[in-house]
Novice: 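Structure in structure tokens, see below.
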Amino acid sequence: MKEKALQILLVEDNAGDARLLREMFSKEKPDSFELTHLLRMSDAVIHLAKGKTDIVLLDMGLPDGHGLDTVRRAHAAAPSVPLIVLTGLDDEALAAEAMKEGAQDYLIKGQIENRALPRALRHAIERHRMQSETEIIRMQQMQFKDEFLSHVSHELRSPLTAIYQFVTILLDRLAGDLNRDQGEYLEIVLKNVKQLQSMINDLLEVTRVQAGKLLIDLERTSIPDAVIYTVNTLQGAAAAKEIALRSDIEGQIPSVCADPTRLQQILVILVDNAIRFTPAGGTVSVQVRMLEEDPNFVVLKVSDSGHGISPDMTERIFERLFQSPDPALAGRKGLGLGLYICKELVTRQGGKIWATSAPGQGAVLSVTLPVFSLPNLIAPAFGGERRAECPITLVVTEIGSETGWLSDEVRAEQSHWARDLLQQCLHSDLDVLLPKMGSTGAVELFFIVAITDDIGGEAITKRICGRLEDRAHIQHPRLTYASTYRSIEAVSRKTNESTAAHLENVATKIQELINEEISSRMVRSEQ
Amino acid sequence: MSNKKILIVDDDPDMRLGLHIRLKANHYDVVFAADGMASIAEARKHMPDLIILDLGLPAGDGFSVMERLKANDSLALIPVIIVSARNRHANLERALKAGAMAFLQKPVDNAELLAVIRRALGEPAEPKKLAYLSEPNRRNLLF
């Protein structure tokens, strides 16, 4: 059988090097290779798009591309085509970096043996093919596993629902009186139903993490509220084990920029874990402080008086499906997903999570979350010093309901697409879409701080209104959409005033306007 | 004042019985349908104040039921609450667009379900006094 000619793309601007490489191929059978030689990256990208290339030989110093960037562009243009980079003698470190960017191999100019080149190409192609196949199989397996998990979790819910319904019917005495033992035993059933339910939820949450579908809505959130809620919710579980559960919140803790539901989820997982790993009679405490090293963060610490975590495990406990090897903790330990989900949630909200412990002295799990700071949020728009004294416009977008009431679900669902839409109407360098600025009564409000005058403000508002109209008719029929803008006079900067202090002043002014906008709507909804 | 009437559409008889006992105890009258076709017929017959709708149903799933309800002038204004084991994230947007007032994931917490029902019916938020029901009338549910 006649072998198909191998299509090689050589991208090399140095005529001498290109000639040498050509000569190396001339000794091969003439119909086994077909070499296309291009001088520029831009031409190479066009050629790769045709999809006929089997392998690329790429020089890393082209006139229209440099170093790793060339590799990235070539790899992006044709991710399935193997790539060999050509480098000079002194660039071996760079070549190694190129391999990380997706190159299969590298060849050092001047050190390529005649017979070795065609062999290197054949090997690179073969290796690449095998890697792609393994990758495809791995992806298929992952996808199958996620779908399977998701399916099983949903199927488990229906029978669980029936158990929950009838246990609560019995417990609420809706089917007649119970004696004390019967009541107590049914409480045990209910407790286990809830445990099973939270495991199923964890499984589903993990499939969402894996699929990148975890939703997080940042807003101005109070940590103390979440801590108090969690401590109240889990007080019963702690009392059942005779564990003292306390919260310790230091003075004035500023709001953080976080998703309140997710924050609660994190706290429940951490405190629930702490209770589980603390023997009867112990203590669990939740401490809230400003982070000493960085005042831009609040730190939450959940400490217990349990067995502690051995030092080599403090990082591994955040791995998916981690189970403690400690025989003292044998028994029911859950699925090993809680801390993994926690880490995912904390990281996605701009914080960190870590564990510290000395064996036998309990463990401390710490979580940091960024302080909600309007100056920090708007700082990128001002580009540091450059636009410190430019005029500012506040664009207000409102979603309301003809019925006068937006349910939490409609609110959440509308916010998601509205935020996406607003983000598309912005100039990413000059405009900032603020997170939810607190409760806004009967309507949902979105604020954009734009570095522009009222002409620019009008343009943005028109753009938003146009897009809202396009989408409104396929959205909820009984919802109303509106967008307006307000210009803010440039806040002049005093001599010797630092950028930070100036931003603070600007932020105060913006906050005042936001408060006005919110309160005017509150009044309207009360009338 | 007469009790509000709720139509429960679910193909699982255990679910229907469980909801029946719970809602009856909270002074709601309950009627049932076990599939998509029957749900429209029952809605016409009883003109309920609220419909609790499952998504996975034989003879027309929950979405097609909602479509038909909304297309019918006399039924379009009856509030619908979805109670389903299906993935909330994947179905919420579609359910709300189809006109549902809320999407509750099974197993639904009793307090949450009752709060959503009260809100959908425009009733005050405070819970009604729980009634004791000694012998649930199971015959109504055997169809």
Side-chain angles (χ1 to χ4, degrees), chain A residues 147 149-177 190 193-194 196-198 200-201 204-205 207-208 211 213-215 401 403-417 471 473-479, chain B residues 10-26 54-56 70 76-77 79 81-113 115-116 119-120 122 130-136 138:
Chain A
E147 280 170 10
L149 266 181
S150 173
H151 179 75
V152 166
S153 313
H154 286 121
E155 288 303 312
L156 291 175
R157 276 185 167 151
S158 296
L160 192 63
T161 304
I163 300 173
Y164 170 80
Q165 275 192 329
F166 287 96
V167 169
T168 53
I169 283 169
L170 291 174
L171 272 171
D172 290 344
R173 314 297 197 268
L174 297 184
D177 256 340
L190 183 61
V193 165
K194 285 185 175 161
L196 202 53
Q197 191 184 340
S198 94
I200 294 171
N201 288 343
L204 280 169
E205 194 80 312
T207 57
R208 256 174 244 139
K213 285 184 190 155
L214 205 60
L215 295 177
S401 167
T403 59
W405 169 65
L406 274 182
S407 74
D408 290 346
E409 278 167 348
V410 173
R411 234 177 244 273
E413 184 257 342
Q414 290 287 311
S415 290
H416 278 130
W417 76 260
R471 288 256 353 222
H473 69 280
I474 55 165
Q475 293 297 322
H476 236 270
R478 275 176 289 173
L479 296 185
Chain B
D10 200 306
D11 59 332
D12 179 356
D14 296 346
M15 183 76 193
R16 290 197 302 267
L17 176 61
L19 276 177
H20 176 226
I21 299 168
R22 179 64 56 189
L23 295 179
K24 193 96 186 158
N26 284 274
D54 188 16
L55 287 181
K70 297 297 164 192
L77 292 176
I81 297 174
I82 304 283
V83 176
S84 170
R86 283 200 199 168
N87 187 344
R88 193 186 141 87
H89 287 255
N91 292 289
L92 177 63
E93 186 165 351
R94 197 175 157 204
L96 294 176
K97 259 181 215 164
M101 288 201 80
F103 188 119
L104 298 175
Q105 175 104 65
K106 286 183 189 174
V108 189
D109 180 73
N110 293 321
E112 189 184 355
L113 175 68
V116 170
R119 208 162 57 176
L130 216 66
Y132 291 93
L133 196 87
S134 51
E135 197 55 50
R138 284 163 194 259

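Naming convention: chains lettered A, B, ... in sequence-line order (proteins, then strands); numbering from 1 in each chain. Heavy-atom basis, side chains included; hydrogens, waters and symmetry copies ignored. Remember, it's a predicted structure, so these values are computed and weren't measured experimentally.
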Novice: Please round to the nearest 0.5 Å and tell me the distance separating atom CZ of A:F166 and atom CG of B:L17.
Specialist: 4.0 Å
Novice: Over all heavy atoms of both residues, which pair between B:K106 and A:T161 is shortest? Give the atoms and the distance, please.
Specialist: CB-OG1, 3.3 Å
Novice: Answer whether the closest heavy-atom distance between the side chains of B:R22 and A:D172 falls below 4.5 Å.
Specialist: yes
Novice: Taking atom CG of B:N110 and atom CG of A:L171, what is their separation to the nearest 0.5 Å?
Specialist: 10.5 Å
Novice: Say you draw a straight line from CG of A:L174 to CD1 of B:I21; how long is it, rounded to the nearest 0.5 Å?
Specialist: 7.5 Å
Novice: For residues B:D109 and A:Y164, determine if any side-chain heavy atom of one lies less than 4.5 Å from a side-chain heavy atom of the other.
Specialist: yes
Novice: Contact part of B:V108 toward chain A, heavy-atom cut-off under 4.5 Å: side chain, backbone, both or neither?
Specialist: backbone
Novice: Might you point out which heavy atoms bring B:D14 and A:Q165 nearest each other, and give the distance in Å?
Specialist: O-OE1, 3.7 Å
Novice: How close do B:P107 and A:L160 get, heavy atom to heavy atom, and via which atoms?
Specialist: CG-CD2, 4.2 Å
Novice: Could you give the distance from CD (B:Q105) to CD1 (A:I200), rounded to the nearest 0.5 Å?
Specialist: 10.0 Å
